[in-house]
Q: 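One structure, as structure tokens, below. Some questions next.
Here, residue 1 is the first one in the sequence, and each next residue gets the next number. Every heavy atom of this structure was used, including side-chain atoms; hydrogens, water molecules and symmetry mates were not.
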Amino acid sequence: MSSQGYLHRFTRKRERLINPMNRASPPPPSNSVQNQAMSESLPLPFLPNELVVEILSRLPVKSLLQFRCVCKSWMSLISDPYFMKKHLHLSTRSTHFTHHRIILSDTTAEFHLKSCSLSSLFNSPSTVCDDLNYPVKNKFRHDGIVGSCNGLLCFAIKGDCALLWNPSTRVSKKSPPLGNNWRPGCFTAFGLGYDHVTEDYKVVAVFYDPNEIYSECKVKVYSMATNSWRKIQDFPYGFSPYQNSGKFVSGTLNWAANHTVGSTSLWIIVSLDLHKETYREVLPPDYEREDCSTPTLSVLQECLCMNYDYKKTHFVVWMMKDYGTRGSWFKLVSIPYLPNPEDFSYSGPYYISENGEVLLMFEFDLILYDPRDNSFKYPKIERGKGWFDAEVYVETLVSPMKH
């Protein structure tokens with residue numbers, strides 16, 4: 001039977017449950033025969049398959065996981081790649097970020113992850129966070145959050161493999177080991193992105209061994225489709241990423257990298273095209289190099305951002321509106337520092353709302369800065385306090401398993 005036939009049959013069953021007059025019952029009194037006949041002759045409501053798809057594709061993932069049990073046709077529909085893409089598109093384009101959440105790792109000795117609604121952080125005086133069941137069972141090892149892409153989160157496990165995990169569907173997959181010759185002092189910088197041409201999610205690992213003289217950073221790419229690593233061209237000669245994770249923008253992964261010659265350190269933005277697997281340099285804006293800290297990268301509104309401390313009085317965020325075009329850089333916001341004896345720096349930014357409020361982390365707390373009146377807010381999170389790391393993700397049906 002076609003999916004439309006299943007939907008029609010389901011609609012008829014539902015109508016019989018709602019309207020007892022349509023169910024089989026003892027013969028009615030003679031004076032009700034005519035009314036009963038008229039009731040049975042009325043057409044039952046029917047929702048076209050296209051309308052069902054439009055309705056379901058706007059629902060949260062939690063509801064869709066439950067609705068898979070309604071009937072076989074709904075199970076087939078919700079598992080269909082086309083439906084997943086439609087749901088992904090609507091979720092990521094939501095103007096009120098109702099499908100967006102933030103994952104937080106706390107500062108306890110054990111590795112605990114929590115998640116809460118992003119819109120609630122911006123719009124409610126307090127929000128409730130949910131405990132997440134991290135798939136790797138090693139509570140005393142803190143795995144690093146690499147990044148998120150279309151609902152998938154990537155974690156670096158001991159610098160030797162990556163974990164892809166959709167916390168909304170609770171489906172995960174761990175990559176094979178990288179197999180690098182790790183020694184003390186070595187590090188691996190990961191990055192997660194999506195190849196739009198091959199429709200494949202990829203993790204890139206940049207491995208640096210400072211023990212080797214004139215060593216180049218070895219680069220490997222993990223393909224979710226093939227579940228395997230393969231070596232690609234080395235990182236640009238003489239440069240090494242100093243930020244733990246690459247930032248995904250417009251089909252590329254971007255790292256803040258430096259090159260030291262004597263007492264001089266040069267920093268650049270190295271971009272890797274995920275499909276062509278070629279490198280290029282992305283030029284930064286003209287900024288106050290002498291009076292600021294070494295910049296880091298972030299992503300806001302699907303645009304690459306560059307962040308740094310200016311004279312330890314302000315945290316400055318630049319945004320590149322048109323990726324790859326140097327002239328499209330503009331100073332997005334300059335966030336003042338409040339006097340603090342511990343001399344912490346801001347982390348993030350993680351998100352910016354439609355009215356310009358910026359979500360960051362200071363010390364171990366999330367904060368909201370409103371540039372309209374230069375004010376700060378500290379969102380209250382129930383059952384949670386003190387955060388080590390954070391990442392914004394969107395609730396989707398995207399699976400790390402190959403279909």
Side-chain angles (χ1 to χ4, degrees), residues 95 97 100 102 104 118-119 121-123 147-148 241-250 254-258 265-271 281-380 387-392:
T95 55
F97 48 95
H100 289 73
I102 186 167
L104 302 158
L118 196 60
S119 61
L121 286 178
F122 280 90
N123 301 318
S148 68
Y242 60 81
Q243 196 170 353
N244 288 336
S245 59
K247 303 304 177 183
F248 177 66
V249 176
S250 299
N254 300 266
W255 284 272
N258 59 17
S265 181
L266 171 68
W267 90 275
I268 66 170
I269 301 173
V270 176
S271 170
E281 178 183 354
V282 175
L283 296 175
D286 291 324
Y287 66 102
E288 316 88 342
R289 294 175 183 267
E290 295 78 14
D291 298 316
C292 73
S293 62
T294 305
T296 58
L297 302 179
S298 61
V299 177
L300 294 175
Q301 298 176 347
E302 299 184 351
C303 294
L304 186 66
C305 295
M306 184 186 81
N307 328 297
Y308 56 84
D309 286 338
Y310 176 68
K311 292 185 176 180
K312 200 49 188 175
T313 61
H314 289 77
F315 181 73
V316 182
V317 181
W318 288 75
M319 176 182 283
M320 182 180 255
K321 200 64 179 176
D322 181 15
Y323 179 77
T325 304
R326 189 180 192 184
S328 69
W329 284 106
F330 69 97
K331 189 177 290 187
L332 179 68
V333 65
S334 182
I335 305 172
Y337 274 104
L338 300 178
N340 188 288
E342 298 297 330
D343 198 34
F344 280 89
S345 295
Y346 288 120
S347 299
Y350 300 108
Y351 202 83
I352 183 168
S353 67
E354 286 186 311
N355 59 20
E357 280 187 290
V358 184
L359 177 66
L360 309 102
M361 191 183 298
F362 186 69
E363 296 186 90
F364 305 107
D365 294 313
L366 292 175
I367 64 170
L368 288 170
Y369 171 71
D370 192 338
R372 294 172 299 181
D373 57 3
N374 228 29
S375 63
F376 292 89
K377 289 190 296 186
Y378 295 82
K380 181 180 179 182
W387 311 113
F388 177 73
D389 203 358
E391 181 73 25
V392 171

Q: Yes or no on side-chain hydrogen bond (donor to acceptor under 3.5 Å, both in side chains) for N307 and S298, after CA distance, side-chain angles and deciding distance?
A: CA-CA 7 Å; N307 328 297; S298 61; 3.1 Å; yes
Q: Applying ring-ring contact (aromatic ring centres under 6.0 Å, His included), can you list everything that pairs with Y287, at least two apart in sequence or on another chain?
A: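 Y287 satisfies ring-ring contact (aromatic ring centres under 6.0 Å, His included) with Y308 once adjacent residues are dropped.
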Q: Any idea which heavy atoms bring D389 and M361 closest together, and the distance?
A: C-CE, 4.1 Å
Q: Where do P284 and R326 come nearest, in terms of heavy atoms and distance?
A: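 Shortest heavy-atom separation between P284 and R326 comes out as O-NE, 2.6 Å.
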Q: Of the non-hydrogen atoms in I268 and E281, which two are nearest, and what is the gap between them?
A: CG2-OE2, 3.5 Å
Q: For the CG atom of L304 and the CE atom of M319, what is their distance to the nearest 0.5 Å?
A: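 Answer rounded to 0.5 Å: 9.5 Å.
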Q: How long is the gap from CG on L360 to CD1 on I367, to the nearest 0.5 Å?
A: 5.0 Å
Q: Y242: what forms a side-chain contact (heavy atoms from CB on, under 4.5 Å) with it, not counting sequence neighbours?
A: A256, N258, W267, T294, P295
Q: Kindly indicate whether the side chain of D370, heavy atoms from C-beta on, has any atom under 4.5 Å from the side chain of K377.
A: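 Heavy-atom side-chain distance check fails, nothing below 4.5 Å.
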Q: I'd like a table of donor-acceptor pairs (distance under 3.5 Å, sequence neighbours excluded) in which one partner is a side-chain atom from residues 329-336, with atom names and distances.
A:
from, atom 1, to, atom 2, distance (Å)
W329, NE1, L283, O, 2.8
K331, NZ, E288, OE2, 3.4

Q: Are any non-hydrogen side-chain atoms of Y310 and D291 less than 4.5 angstrom apart?
A: yes
Q: Work out which heavy atom in Q301 is nearest to a heavy atom in S353; give both atom names and the distance.
A: NE2-O, 4.5 Å
Q: Quick one, L359 with L366, criterion side-chain contact (heavy atoms from CB on, under 4.5 Å). Give me CA distance, side-chain angles, the key distance, then yes/no.
A: CA-CA 7 Å; L359 177 66; L366 292 175; 4.2 Å; yes
Q: Considering residues at least two apart in sequence or located in another chain, which fulfil the side-chain contact (heavy atoms from CB on, under 4.5 Å) criterion with N123?
A: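 Expected list: S119.
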Q: Return the set of residues passing side-chain contact (heavy atoms from CB on, under 4.5 Å) with D309 (not counting sequence neighbours), or none when no residue passes.
A: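 Residues passing side-chain contact (heavy atoms from CB on, under 4.5 Å) with D309: S293, K312, F315, Y337, S345.
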Q: Side chains of W255 and I269: does their closest heavy-atom pair fall under 4.5 Å?
A: no
Q: Strictly distance-based, threshold 3.5 Å: is any side-chain N or O of S271 a donor or acceptor partner for the main-chain N or O of V282?
A: no
Q: Could you check if a side-chain atom of C303 sits within less than 4.5 angstrom of a side-chain atom of K321, using non-hydrogen atoms only?
A: yes
Q: For K247 and S245, does a side-chain donor sit closer than 3.5 Å to a side-chain acceptor?
A: yes
Q: By ring-ring contact (aromatic ring centres under 6.0 Å, His included), which residues pair with Y323, not counting sequence neighbours?
A: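 Per chain and number, Y323 pairs via ring-ring contact (aromatic ring centres under 6.0 Å, His included) with no residue.
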Q: How many angstroms lie between CG in D365 and CH2 in W387, if you round to the nearest 0.5 Å?
A: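 It is 9.5 Å, given to the nearest 0.5 Å.
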Q: Which is it for V317 and V358 under the side-chain contact (heavy atoms from CB on, under 4.5 Å) test, yes or no, and what are the steps along the way?
A: CA-CA 10 Å; V317 181; V358 184; 5.9 Å; no
Q: Roughly how far, to the nearest 0.5 Å, is the SG atom of C292 from the NE2 atom of H314?
A: 14.0 Å
Q: Quick one: closest heavy-atom pair of N355 and E357, and the distance?
A: OD1-N, 3.2 Å
Q: Can you name the nearest heavy-atom pair linking L121 to L368, along with the distance?
A: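 Smallest heavy-atom distance, with atoms named: O-CD1, 3.4 Å.
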